[in-house]
Structures are given as C-alpha cells and as structure tokens.
Amino acid sequence: MSVADSTRGTLARRLIVASIILVLVIVPVVGIGLSFSFRESASASFDERLASMHKVLLTSLEQEPLSGELSVQERLGDSRFERVYSGWYWQISDGESLTHVSRSLWDQRLPIPTSLGTHWGTIEGPRGQSLRIVDQALRLPGHPEPVHVTLAVSRQELNAEVARFEWLLWLSLIALSVLLLAGLALQIRWGLAPLRALHSDLRAVKEGQSERLDTRLPGELAELAETMNEVLDHDRRLIERGRSAAGNLAHALKTPVSVLQAQAERLPDVERRQVREEVARIDAAVRHHLARASAAGSAALAARVEILKVIEPVVSGLERLAGRRGIRLERDIPAELKLRVDPQDLQELTGNLLENALDWANSRVELSFRLDDGGVCMCLKDDGPGMTEEQRTAVLERGVRLDERRSGSGLGLAIVGDLVTLYGGRLALDESSLGGLQVKVWLPGGG
C-alpha cells in the first residue's frame with residue numbers, strides 16, 4: 001500500500017464509507033418516522049372503532065317510562081363481550097348501583113370518572129390487562145346521579161399489530177439497506193473503472209511498457225489523459241533536445257580544444273605544460289557536464305530493456321581491449337535479466353566503470369549482474385591496488401567525483417555517481433575478493 005493509501009485511503013473506500021454512513025443515518029430516521037406514523041394511524045383507527053361501538057352501546061340503552069329502569073336492547077355483536085376476561089368489556093352504572101355489565105367482566109368492575117362529559121383514557125383491567133377506555137356521563141330522569149356508559153377494549157391486539165408491522169418494517173429496511181449498499185458498491189466500482197484503467201495505463205507508462213495513455217475514456221478523463229499524453233510527449237522532446245544539444249556542443253567544443261592543444265605545442269616547455277594542464281581540465285569538465293546533460297537519469301519514462309543485449313557491444317569492445325593488455329575479463333550476465341533504464345545511460349555507466357577497472361587491474365576483472373531487492377545489482381571487481389577504507393568513505397561522503405586517483409586506482413568518472421543518484425539507486429565501494437576495488441551499483445526496476 002502506498003503512503004497516500006495508508007494516510008487517506010482509496011477513493012472507492014471513501015465513497016463506500018460515505019455511503020454506509022448515509023444509509024445508517026437515513027434508514028433509521030425513515031424507519032422511526034414510518035413506525036411512528038403507523039402507530040398513530042393504528043391508534044386513531046382503533047379509537048374510531050371504539051367510539052363507533054360506544055355509540056352503538058349508547059343507542060341500545062333504553063329507560064322504562066314508569067319504573068325508570070335501564071335496559072340494553074341490542075348486543076354489540078362481538079363474541080368477546082361474552083367471553084370472561086376476554087379484554088372486551090362494557091358497563092352501565094349510575095355511580096351507586098350497577099345496572100348492566102358485559103358477561104366478560106364477570107365479577108369485576110371498571111373504574112369510572114367523577115366528572116361529566118366524554119372521557120378517554122388507558123386503565124389497567126382485570127388480570128392486569130391494558131385497556132383503552134371511553135366513558136360518557138348522561139343525565140337521565142329518575143337518576144339523581146349521572147349514568148356512565150363505559151366501554152373498554154384491550155390494546156393487546158393493537159400492540160401486536162403494531163409490533164408485527166415494526167418487525168416487518170425493520171426487516172424490510174435492513175434488506176433494503178443491504179441492497180442499497182450492494183448497488184452503491186457496484187455503482188462505485190463501475191463508475192471508477194475508467195480511473196482504474198487510467199491508473200493501469202500510467203503504471204504501464206512508468207514501467208516502460210507503453211508510451212502513451214489510452215484516451216478511450218469518459219469525456220472528463222479522456223481530456224485529462226490527452227493532456228497527460230501531451231506532457232509526456234513534451235518531456236520526451238525536451239530529453240531528446242537536451243541530448244541532441246549536448247552532442248552538438250561536444251562536437252562544437254572538440255575542435256577548439258584540439259586547436260588549443262596544437263597551439264600549445266609551439267609554446268616554451270613551461271608554458272606548454274601549463275596550457276596543456278588547463279586545456280585538459282577544460283576538456284574533462286566539458287565532457288563531465290555534457291555526459292550529465294545527455295543522461296536520462298530516471299526510470300519513470302524508460303522502457304524495460306534486456307541488460308545483456310544493451311551492454312553487449314560495450315562489454316565486447318572492452319573485452320578485446322582487456323585481451324590486448326593481458327587482462328582476463330570474466331562476466332556473468334543472465335540473458336533474461338531486464339532493467340527499466342535508458343539504454344544509453346546503462347551503456348555509459350557500465351562502460352565507465354569497466355574502463356576504469358581495466359585501467360587499474362593487474363590481470364583479472366569480474367563483472368556480474370543479478371536481481372536484488374526489486375532491482376538489479378551490478379558488481380565489478382578488479383585485482384588492482386584498490387582503496388583504503390578512509391578513502392572509500394571520503395569519496396562517498398563527497399558524492400560528486402568518484403575518483404581513485406589519490407591511491408592510484410581511480411574511477412575517474414563522476415557521471416557514474418550522478419547517474420546512480422538520478423535513478424534513485426545505490427553505490428557502494430568495498431574491498432574486492434580479488435584484492436582490489438569492488439564496486440556495487442543497485443538500480444530499481446529490475447525483473
């Protein structure tokens with residue numbers, strides 16, 4: 001995982017987390033709202049039914065003209081009023097004497113309010129039942145006290161119906177949430193597919209497998225990909241222009257330097273020696289900086305190349321030179337080994353190190369390449385005079401000019417260190433098993 005992923009998370013993860021939070025907030029709010037609305041609607045319907053039954057009870061109440069006794073002409077038409085302690089009750093009372101009660105009340109009595117008018121409420125009935133009650137007080141002739149007509153019905157069925165609805169509601173909302181999250185995840189994956197394709201193209205360009213980004217993308221990303229292609233083309237043109245300018249400058253300076261060297265031959269010995277030294281310094285500085293300018297120095301846009309195929313011309317040429325000097329050049333370069341590097345830079349690096357090793361070797365030089373830690377490690381050994389530990393440390397600390405001339409076995413090419421640094425690699429100097437100097441160069445992007 002990259003640093004950006006570990007600190008900020010991927011875009012897809014951020015969108016999914018935002019969707020989960022949104023669902024977790026909206027769905028409970030909707031569930032609570034629907035549950036409250038159904039409960040209120042069910043309670044209102046329950047009260048309407050209770051009020052309707054209470055009106056039927058009121059209309060069925062009659063009083064004998066002579067005796068003033070009350071009677072109920074009609075039953076309410078529900079068998080639960082006949083079943084003992086069923087939760088459905090009615091009673092008619094004048095406060096002092098009980099006139100009529102439903103069979104379901106048996107020997108129990110419902111409490112009645114003391115004031116006149118119609119009253120609604122919730123009471124505890126027989127056997128601890130929660131009852132919804134409606135009571136209306138009437139003034140009738142022959143009754144000094146108001147006659148209370150009371151109807152009470154258990155809320156058990158209402159509560160069970162509400163509970164069943166809420167269970168189905170939350171089950172449905174949970175299922176809906178899962179489907180929503182799955183749909184959002186698919187939508188995010190489908191929506192971000194062009195970004196993943198763009199990321200894949202960028203990685204291919206970075207690894208040198210492609211030179212341009214595919215622009216067959218949605219409008220916004222296609223425009224972005226086209227702009228990035230223009231930037232990549234511009235960078236390549238700048239690199240080629242810089243190399244071309246460096247080569248032209250090298251050719252342009254070669255003639256004046258040669259002329260100065262030739263003119264120096266006409267001067268007296270002391271002056272000739274001084275001029276030669278200064279011209280040599282100018283020539284070395286020019287070649288050094290031209291070499292740096294012509295180096296690509298980055299694996300970002302470089303293609304993956306076969307190491308052996310790239311450096312074979314350089315190694316073969318120096319191998320013949322070593323043979324003429326009586327030096328045995330041994331090499332171990334796997335044919336399948338590849339590295340993401342500019343071919344010219346690889347040739348420059350290998351050639352400079354190998355030339356210096358041959359310059360200071362007595363009879364033997366070893367060159368090898370191998371995979372190491374996600375990159376490629378080049379190891380070069382010689383049996384020359386080498387360098388002391390203090391000299392190797394001092395050279396690495398300066399990090400500009402890698403020069404063995406202080407001990408007589410110098411590399412003489414600062415461009416090696418510059419290239420290694422520009423490619424994000426590592427350079428290490430150590431004592432060779434052959435007795436001379438060992439140079440190890442590690443570059444990323446091997447395979």
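- For residues 27-46, the pairs satisfying salt bridge (charged side-chain N to carboxylate O under 4.0 Å, His left out) are Arg39-Glu166, with sequence neighbours left out.
- Taking both residues in full, the closest heavy atoms of Val376 and Phe369 are given as CG1-CD2, 3.8 Å, listed atom of the first, atom of the second, then distance.
- A heavy-atom distance below 4.5 Å is found between the side chains of Tyr423 and Val341.
- Of all the heavy atoms in Val365 and Ala357, the pair that sits closest is CG2-O, 4.0 Å.
- Applying the salt bridge (charged side-chain N to carboxylate O under 4.0 Å, His left out) rule to pairs touching residues 151-165 yields Arg80-Glu157, sequence neighbours excluded.
- With hydrogens and angles disregarded, no donor-acceptor distance shorter than 3.5 Å links the side chain of Ser52 to the backbone of Glu48.
- A salt bridge between Asp332 and Arg370 is absent, with no side-chain N of the basic residue lying under 4.0 Å from a carboxylate O of the acidic one.
- For the salt bridge (charged side-chain N to carboxylate O under 4.0 Å, His left out) condition, no pair includes a residue of residues 24-38, sequence neighbours left out.
- Looking at Ser200, its side chain never comes within 3.5 Å of a backbone N or O of Arg196 through a donor-acceptor pair.
- Here the side chains of Leu105 and Pro126 are in contact, with some heavy-atom distance below 4.5 Å.
- Between the OG atom in Ser35 and the CG atom in Leu169 there is a gap of 6.5 Å [rounded to 0.5 Å].
- Scanning for side-chain contact (heavy atoms from CB on, under 4.5 Å) contacts around Leu224 gives Leu198, Leu221, Met228, with sequence neighbours left out.
- With sequence neighbours excluded, no residue forms a side-chain contact (heavy atoms from CB on, under 4.5 Å) with Ser45.
- Between Gln91 and His100 the shortest side-chain heavy-atom distance does not fall below 4.5 Å.
- Here the side chain of Thr350 pairs no donor or acceptor atom with the backbone of Gln347 at under 3.5 angstrom.
- Taking each heavy atom of Leu339 and Pro444 in turn, the nearest pair found is CD1-O, 3.3 Å.
- Residue pairs meeting the side chain to side chain donor-acceptor pair (under 3.5 Å) criterion with at least one partner in residues 427-440, sequence neighbours excluded, are Lys381-Ser433.
- Here the side chains of Leu58 and Gln136 are in contact, with some heavy-atom distance below 4.5 Å.
- Under the rule for a side-chain contact (heavy atoms from CB on, under 4.5 Å), Ser172 has no partner lying at least two apart in sequence or in another chain.
- Looking only at side-chain heavy atoms (C-beta outward), Leu354 and Val314 stay at 4.5 Å or farther from each other.
- For Ser316 (side chain) and Pro313 (main-chain N/O), no donor-acceptor pair under 3.5 Å exists by modelled atom type.
- Listed by first and then second residue, the side chain to side chain donor-acceptor pair (under 3.5 Å) pairs involving residues 222-231 amount to none (not counting sequence neighbours).
- Among residues two or more places apart in sequence or in another chain, the side chain to side chain donor-acceptor pair (under 3.5 Å) test is passed with Asp372 by none.
- For the pair Leu131 and Leu110, the minimum side-chain heavy-atom distance is below 4.5 Å.
- Sorted by first and then second residue, the salt bridge (charged side-chain N to carboxylate O under 4.0 Å, His left out) pairs involving residues 130-142 (not counting sequence neighbours) are Asp47-Arg132.
- At least one donor-acceptor pair under 3.5 Å links the side chain of Thr59 to the backbone N or O of Lys55.
- Residues passing the side-chain contact (heavy atoms from CB on, under 4.5 Å) test with Ala12 are Thr10, Ile188, Leu192, sequence neighbours excluded.
- Closest approach of Leu217 to Ala222, counting heavy atoms only: O-CB, 3.5 Å.
- The nearest pair of heavy atoms linking Pro343 to Val305 is CG-CG1, 4.0 Å.
- The side-chain heavy atoms of Leu151 and Tyr89, taken from C-beta on, include no pair separated by under 4.5 Å.
- In terms of modelled atom types and a separation under 3.5 Å, the side chain of Ser104 and the main chain of Val84 share no donor-acceptor contact.
- Nearest heavy-atom pair across Gly374 and Trp442 is C-CZ2, 4.4 Å.
- Applying the side chain to side chain donor-acceptor pair (under 3.5 Å) definition to pairs two or more places apart or across chains, those involving residues 116-128 are Ser115-His119.
- Taking 4.5 Å as the limit, every side-chain heavy atom of Val27 sits out of range of all side-chain heavy atoms of Leu176.
- In this structure, NZ in Lys338 is found 12.0 Å from CG in Leu371, a value given to the nearest 0.5 Å.
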